[in-house]
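Numbers for residues simply follow the sequence, beginning at 1.
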Amino acid sequence: VGDLVFFGSTDECVYALNANNGKVTWKFQTNGAIPSAPAYWNGRIYVGSDDGWLYALSATDGKLLWKFQGGPSNRKQMAFETMSSLWPIRQGIAIDQGKIYFTAGFIPSQGHQAYSLDAITGAVIYRIPMPQTNLTPTSYIVLKPDTVVIPSRRTYNPCVLSRKDGVRQKVQTIMEDFSEARYNKGV
């Protein structure tokens with residue numbers, strides 16, 4: 001963005017580098033690894049961390065504008081050889097028209113949360129609990145005109161929510177779950 005390049009790291013920091021010389025312009029410390037790229041909107045950087053928080057930072061100087069806890073508590077667990085929130089924010093964040101869309105949670109049996117927040121204030125527009133589903137949010141959220149598509153690696157069908165209110169939408173099956181596949185002999 002302009003002369004700055006933003007990225008998160010497993011060292012728990014968000015960095016802004018000068019694109020012309022590669023020098024660090026600023027860095028911001030979180031309390032967990034940052035597995036997905038930060039998202040930029042309107043002079044702000046938004047980043048999710050394995051510590052379970054979504055951070056809104058000034059793109060210019062890295063100053064914390066606000067932060068939001070994605071899970072219902074501060075519970076921690078060992079994950080990837082380090083302490084992590086039970087509800088890390090590992091999936092890529094999507095922003096459009098002043099609204100942020102993201103998920104918190106990784107292990108299906110611990111449940112997930114899907115959120116839409118106001119990008120300026122961090123106020124909750126909606127929070128959708130997704131308790132003990134087969135969903136493991138991965139990759140980056142896709143925004144369509146009326147829906148939020150949450151890709152998952154545990155199923156071949158994404159979770160699709162209404163952008164307006166988070167109501168889960170019916171989706172056409174993309175691919176059957178191969179765990180139940182049966183093969184015909186001789187085919």
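- Here the rule is ring pair (Phe, Tyr, Trp, His ring centres under 6.0 Å) with Y55, and of F102, W66, F28, Y46 only F28 fits it.
- Shortest non-hydrogen contact noted between V149 and K144 is CG2-CD, 3.8 Å.
- L117 and W41 fall within the same hydrophobic cluster, where Ile, Leu, Val, Met, Phe, Trp and Tyr residues are linked whenever their side-chain heavy atoms come under 4.5 Å apart, directly or through other members.
- Note: L17 CG to T25 OG1 = 7.0 Å, rounded to the nearest 0.5 Å.
- One finds the CZ atom of F6 at 14.5 Å from the OH atom of Y15 (value rounded to the nearest 0.5 Å).
- With hydrophobic clusters built from ILVMFWY side chains whose heavy atoms lie under 4.5 angstrom apart, I125 shares a cluster with L161.
- Closest non-hydrogen pair, R163 versus D96, comes out as NH2-OD2, 2.5 Å.
- Closest approach of F68 to G122, counting heavy atoms only: CD1-O, 4.0 Å.
- Hydrophobic clustering keeps V5 apart from W26 (ILVMFWY residues linked when any side-chain heavy atoms are closer than 4.5 Å, directly or through intermediates).
- Here I34 contributes atom CD1 and T10 contributes atom OG1; the two are 9.5 Å apart, rounded to the nearest 0.5 Å.
- Note that CZ of R90 and OG of S49 are 9.5 Å apart. Values are rounded to the nearest 0.5 Å.
- When each of V142, I141, I128, T103 is paired with V148, the side chain to side chain contact (heavy atoms under 4.5 Å, CB included) condition holds for I141 and for no other.
- With rounding to the nearest 0.5 Å, the separation of OG1 in T30 from CG in D11 is 8.5 Å.
- Here the closest heavy-atom approach between residue G71 and residue A104 is recorded as N-CB, 4.4 Å.
- Note on L4 and V24: separate hydrophobic clusters, where clusters join Ile, Leu, Val, Met, Phe, Trp and Tyr whose side-chain heavy atoms are under 4.5 Å apart, directly or indirectly.
- The hydrophobic cluster analysis finds V167 isolated: no Ile, Leu, Val, Met, Phe, Trp or Tyr side chain comes under 4.5 Å of it, directly or through other members.
- Pairing each heavy atom of A119 with each of I100, the nearest pair is CA-CD1, 3.7 Å.
- The side chain to side chain contact (heavy atoms under 4.5 Å, CB included) test with P38 is passed by exactly one of I93, V1, I45: I45.
- When all heavy atoms are compared, the tightest approach of I120 to R44 is O-NH1, 3.2 Å.
- When hydrophobic clusters are built by joining Ile, Leu, Val, Met, Phe, Trp and Tyr residues whose side-chain heavy atoms come closer than 4.5 Å, directly or via intermediates, V124 is grouped together with I95.
- Between the CG atom of D51 and the CD1 atom of I89 there is a distance of 7.5 Å, given to the nearest 0.5 Å.
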